[in-house]
Amino acid sequence: MSTDVIKVNTPSRSYDVVVGQGVIDEVGDLTRKACGGSVACVISDSNVAPLYANAVAESLEAAGYRTTLQVFPAGEQHKRLSTLSDLLEGLAESELSRDDVVVAVGGGVTGDMGGLAGALYLRGCKVVQVPTSLLAMVDSSVGGKTAVDLEAGKNLAGAFFQPSLVVADVDCLDTLTPALFTDSCGEVIKHGVIRDAELFRRLVSKPINAPDFDPAELQSVIVRNIEIKRDVVDQDERERGLRQILNFGHTIGHAIEAASDFKLGHGSSVAAGMCCIARASARMGWCPDEVATDIVSAVEAYGLPTDTSEDHDTLFSYAVHDKKRHGTTVNVVVPLAIGSVEVRKLSLEEFRHLIDLGCGTQA
Ligand code: GLY
């Protein structure tokens, strides 16, 4: 299987996303070319570090870097300012300079926190993302969103800070549990719905979470997802307009995730959120009924949830505390057709009505 390189060109930085089998062993050489510097601080969590931190550190050392390793406890509950503070102190102890590199190895939480640590330390050093989960490969490692959670909600303190390089080794997906892999498929389906009807059809005709799914085909699906994200963030790095379409399914999805006390995974919550908003949009006459039924069928084909039984007032309350709210309005991404969505600015009353129309009608 060959290696693919997707070029990202945002106003603040241009960088490569390298996708392939075994590319984790090339992190050192690729980092040398993309970043230079002499020190590389590897940041990983307690689940991923035992699997991949050594391979990454050895590759960096072979490329001439002095390396250090910081491991934090795995889990969204550790994506907090206190963990970030420890990471920043660790970077200072490593005597990292602004020309040196933070290498975040892991899933979305590690990428978000490693990226934010790199954005803040010395007002910004170089960041290399080495995503090891499907969700991190197709979404969070690309586009420069970094954040930690606050008591008041997810991802409320962060920065847009683009990495200098992303290296996605598809072999890392072999160590994901089937449940985690399937969870990430919610974001993969989302990319088809928002921008690419052909990808959507591919995903439905052959679900990528089938046990015998062809690895070369999987890499090509991952690459297409990264291209879709790249095309959006190249045009709107800071989510002033177009980038909001990447939030399809997220306003209700985040509410479902929070209402479940984060027991339901992010991708599963987004999948349910997409179905709810699609049903509501069809009932409002904003899209044909088939758009909603196609989205629900796709989500079903992956064994992901298509609805929620959470109380509507609870969902509304979590959703309007989401940072996508703008004063007395909330921007909601609605499907027009498979492959096409639009952002609608709704009053809180209109949004509350959508929850009644789309949620709990199947659960
Ligand atoms: N995950 C959505 C975005 O990066 O904008």
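Just so you know, ligand 1 is whichever comes first in the structure, and atom 1 is the first atom listed for that ligand. From a predicted model like this one, the values you see are computed outputs, not experimental measurements.
Among all protein heavy atoms, the one lying closest to atom 5 (O) of ligand 1 is R243 NE, 2.7 Å.
Short contacts between ligand 1 and K229, defined as distances under 4.0 Å to a heavy atom of the residue, involve ligand atoms 1 (N), 3 (C), 4 (O). Using a 4.0 Å cut-off to heavy atoms of K145, the atoms of ligand 1 that qualify are 2 (C), 3 (C), 4 (O), 5 (O).
Annotation: cation-pi geometry not satisfied between R344 and F351 (NZ/CZ under 6.0 angstrom from ring centroid, within 45° of ring axis).
When heavy-atom distances to ligand 1 are checked against a 4.0 Å cut-off, D139 comes that close only through its side chain, counted from C-beta outward.
M274 pairs in a side chain to side chain contact (heavy atoms under 4.5 Å, CB included) with only one of the listed residues (T306, V299, V333), which is V299.
A salt bridge links R279 with D307; the closest basic N to acidic carboxylate O contact falls under 4.0 Å.
In summary, the side chains of H250 and Q244 do not present any donor paired with an acceptor at a separation below 3.5 Å, with no hydrogens or angles considered.
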